[in-house]
Amino acid sequence: MLDIAEELHRWCGEGRAFAVATVVAVEGSAPRQPGAALAVDAEGTAVGSVSGGCVEGAVYELCRAALESGESVRERFGYSDEDAFAVGLTCGGALDVLVVPVPSDGHGRPVLAEALAAATAGEPVALARVADGPDGWLGRALLVRADGTYAGTLVGAEPEGGSASSDRTALDRAVLDRTVAAEAAALLAAGRTGTVVAGRDDANGARCGDPVTVLVESCLPPPRMIVFGAVDFAAALVRAGKFLGYHVTVCDARPVFATTGRFPGADEVAVDWPHRYLDAQQAAGALDARTVLCVLTHDEKFDVPLLERALRLPVAYVGAMGSRRTHEARLERLREAGVAERALDRLRSPIGLDLGARTPEETALSIVAEIVAARHGGTGVPLTGAHTPIHHEPQRERGQGRGLGSVA
């Protein structure tokens, strides 16, 4: 739900009652992934999306109904063969949506408000919510921070007539919440949104009761794009990177070119030798598996020492501008510097996809298109006439998934 975190944070501050519908599971070809959310307040104002348009109307009505009843509900939407215009996903997939009412003074609101405040402030945080479980548990939330500490509880009241004691409920809180918090912290560290299935254990470690399915949405600060080379192509790439939600830095050793006046859209402009700046960022822990490095300097004295370091880092993407002749000469210099062939295979050079780009803006488009394809496992070929999937599975091993609605 944190793709709409700023708006919901504002709603919480204003004391509004609202309901949030979140995609908790997808099957087949679905337009949005788990974590996509639509929220509706008591006045009927809507923000966000769960399907890109296919079932928005029906989910909107579910949110209104949840506000009226005060009850959480889980609903599945899929394609209808009998009537393509019926409520359903005409793309042929299916998605499960969890709808949770958030009354202005209701239970669970403090946890959600704290999660929204943290996400809005750029703090790493995970929100774990019961997507399937015992009566009274649906939608209950746990806020998990990067250090593993957590607030809230997933454990609901025992069903009426149940025989469980208060001690049993306390044990459930201690075991289930601690187990899910540990799993959520691991997902947060990997930058992933995912599902955790946990059971309730008795004092002897034996499972008692049905498993509980929990959706963990991870929210991280925006991923970084570092553009080396304060050239015209860099200015266009800064704009494209910001459009995709990256925190963009421009680095160049030449102070006359590396100025905020030339790159007003950049989050940071650094005047430093590229390899020295990269070393400092690595030492500071400011690079991660989502970071993309774009080398546009097109100058051997900058490129070689920079790429020698960049290709050894566990970042998402390393690309370098230059002709094919420049690329071959650069490879030889890197081999002489001791860079292994396996590391050289990671280099995207000449940078970008073949779009026939000529202008700086077209070149920037070709670069970010390659970055997106690399992130999601796309091929870069036209979809027309192709037999490749339109929606690829997330590249989880690279920690790209940024739930709660992120871009990177």
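Just so we're clear, the structure is a prediction, and the values are computed from it rather than from any experiment.
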> Can you list every side-chain hydrogen bond (donor to acceptor under 3.5 Å, both in side chains) pair that touches residues 65-74, not counting sequence neighbours?
Replying inline: Arg74-Asp96
> Taking side chain as C-beta onward, heavy atoms only, is Thr213 less than 4.5 Å from Thr195?
Replying inline: yes
>> Is it the case that the side chain of Thr379 and the backbone of Val381 share a donor-acceptor pair, with hydrogens and angles ignored and the cut-off at 3.5 Å?
In response: yes
>> Check whether Arg140 reaches the backbone of Val155 with its side chain - one donor and one acceptor, N or O, closer than 3.5 Å.
In response: yes
>> Quick check for you: to the nearest 0.5 Å, what is the distance between Tyr277 atom OH and Gln282 atom CD?
In response: 12.5 Å
> Got a donor-acceptor contact below 3.5 angstrom from the Glu61 side chain to the Ala58 backbone?
Replying inline: no
> Heavy atoms, side chains only, cut-off 4.5 Å: are Met225 and Thr291 in contact?
Replying inline: no
>> Apply side-chain contact (heavy atoms from CB on, under 4.5 Å) to residues Ser104 and Phe18 and explain how you reach the verdict.
In response: CA-CA 8 Å; Ser104 58; Phe18 57 93; over 6 Å; no
>> Before you tell me yes or no, could you show the steps for Gln33 and Val26 under side-chain contact (heavy atoms from CB on, under 4.5 Å), namely the whole-Å CA-CA distance, both residues' side-chain angles and the distance that decides it to 0.1 Å?
In response: CA-CA 7 Å; Gln33 292 298 309; Val26 299; 4.0 Å; yes
>> If you compare all heavy atoms of Gly139 against all heavy atoms of Leu98, which two are closest, and at what distance to 0.1 Å?
In response: CA-CD2, 4.2 Å
>> Arg10: which residues meet the salt bridge (Lys or Arg N to Asp or Glu O under 4.0 Å) condition with it, sequence neighbours left out?
In response: Glu7, Glu14
> Would you say Arg76's side chain and Leu95's backbone share a donor-acceptor pair under 3.5 angstrom?
Replying inline: no
> Of the non-hydrogen atoms in Asp177 and Leu142, which two are nearest, and what is the gap between them?
Replying inline: O-CD2, 3.6 Å
> Checking Arg346 side chain against Val315 main chain: does a donor-acceptor pair fall under 3.5 Å?
Replying inline: yes
>> Assess the residue pair Leu62 and Val97 against the criterion (side-chain contact (heavy atoms from CB on, under 4.5 Å)); give the C-alpha distance rounded to whole Å, side-chain angles, the decisive distance to 0.1 Å, and a yes or no.
In response: CA-CA 10 Å; Leu62 281 176; Val97 176; 5.6 Å; no
> Quick one: are Met321 and Asp303 in side-chain contact, heavy atoms under 4.5 Å?
Replying inline: no
>> For Asp147, give me all partners under side chain to side chain contact (heavy atoms under 4.5 Å, CB included), at least two apart in sequence or on another chain.
In response: Arg145, Thr149
> Looking only at atom types and distance, does a side-chain atom of Ser218 sit under 3.5 Å from a main-chain N or O of Arg192, one as donor and one as acceptor?
Replying inline: yes
>> Tell me the closest heavy-atom pair linking Val125 and Ala119, and the distance in Å.
In response: CG1-N, 4.2 Å
> Atom CG of Leu306 and atom OG1 of Thr297: how far apart are they, to the nearest 0.5 Å?
Replying inline: 6.5 Å
> Of all residues at least two apart in sequence or in a different chain, which pass the ring-ring contact (aromatic ring centres under 6.0 Å, His included) check with Phe302?
Replying inline: Trp273
>> Please list all pairs meeting salt bridge (charged side-chain N to carboxylate O under 4.0 Å, His left out) that have one or both residues in residues 246-256, counting only residues at least two apart or in different chains.
In response: Asp252-Arg254
> Judged by modelled atom types alone, do Glu56 and Ser49 share a side-chain donor-acceptor pair under 3.5 Å?
Replying inline: yes
> When you measure from the side chain of Thr22 to the backbone N and O of Val24, does any donor-acceptor pair fall under 3.5 Å?
Replying inline: no
> So, are Arg224 and Asp288 salt-bridged, with charged N and O less than 4.0 Å apart?
Replying inline: no
> Within a strict 4.5 Å, meaning less than it, do heavy atoms of the Asp279 and Arg309 side chains meet?
Replying inline: yes
> Do the non-hydrogen side-chain atoms of Leu154 and Val212 ever get within less than 4.5 Å of each other?
Replying inline: no
> Does the side chain of Val59 reach to within under 4.5 Å of the side chain of Phe77, using non-hydrogen atoms?
Replying inline: yes
>> Distance check, rounded to the nearest 0.5 Å: Phe233 atom CZ versus Cys294 atom SG?
In response: 13.5 Å
> side-chain contact (heavy atoms from CB on, under 4.5 Å) between Asp132 and Trp137: does it pass, once the steps are laid out?
Replying inline: CA-CA 8 Å; Asp132 193 15; Trp137 292 31; over 6 Å; no
> Just by modelled atom types, is the Thr249 backbone N or O under 3.5 Å from a matching donor or acceptor in the Asp267 side chain?
Replying inline: no
>> Going by the rule side chain to side chain contact (heavy atoms under 4.5 Å, CB included), which residues pair with Val304 if we only count those two or more places apart in sequence or in a different chain?
In response: Glu300, Arg333, Leu334
> Would the number of heavy atoms belonging to other residues, nucleotides or ligands and lying under 6.0 Å from CD of Glu43 be above 12?
Replying inline: no
> What pairs with Arg239 under salt bridge (Lys or Arg N to Asp or Glu O under 4.0 Å), at least two apart in sequence or on another chain?
Replying inline: Glu361
> To the nearest 0.5 Å, what is the distance between CD1 (Ile367) and CG (Leu353)?
Replying inline: 10.0 Å
> Between atom CG of Leu112 and atom CG of Leu143, what is the distance when rounded to the nearest 0.5 Å?
Replying inline: 9.5 Å
>> Keeping Ser349 on the side-chain end and Ala320 on the backbone end, is there a donor-acceptor pair under 3.5 Å?
In response: yes
> Between Trp11 and Val47, is any pair of side-chain heavy atoms under 4.5 Å apart?
Replying inline: yes
>> Assess whether a salt bridge exists between Arg262 and Asp232, defined as any Lys/Arg side-chain N lying under 4.0 Å from an Asp/Glu carboxylate O.
In response: yes
> Side chains of Glu268 and Val250: does their closest heavy-atom pair fall under 4.5 Å?
Replying inline: no
> Roughly how far apart are Cys251 SG and Leu296 CG, rounded to 0.5 Å?
Replying inline: 11.5 Å
> Leu278 and side-chain contact (heavy atoms from CB on, under 4.5 Å): which partner among Asp272, Leu307, Leu287?
Replying inline: Leu287
> Sequence neighbours excluded, which residues qualify as side chain to side chain contact (heavy atoms under 4.5 Å, CB included) partners of Leu67?
Replying inline: Ala17, Ala19
>> Test of understanding: with side chain to side chain contact (heavy atoms under 4.5 Å, CB included), list the residues that count as partners of Ala146, not counting sequence neighbours.
In response: Pro124, Leu188
>> Going by the rule salt bridge (Lys or Arg N to Asp or Glu O under 4.0 Å), which residues pair with Glu370 if we only count those two or more places apart in sequence or in a different chain?
In response: Arg348
> Considering all heavy atoms of both residues, which atom of Leu215 and which atom of Gly35 are nearest to each other, and what is their separation?
Replying inline: CD2-N, 4.4 Å
>> Restricting to non-hydrogen atoms, name the atom on Leu187 and the atom on Val196 that form the minimum distance, rounded to 0.1 Å.
In response: CD1-CG2, 4.1 Å
> Of all residues at least two apart in sequence or in a different chain, which pass the ring-ring contact (aromatic ring centres under 6.0 Å, His included) check with Phe263?
Replying inline: none
>> Holding to salt bridge (Lys or Arg N to Asp or Glu O under 4.0 Å), I want the full list of residues that pass it with Glu341, two or more places apart in sequence or in another chain.
In response: Arg335
> Taking all non-hydrogen atoms of both residues, which atom of Ala316 and which atom of Val292 are closest, and how far apart?
Replying inline: CB-CG1, 4.4 Å
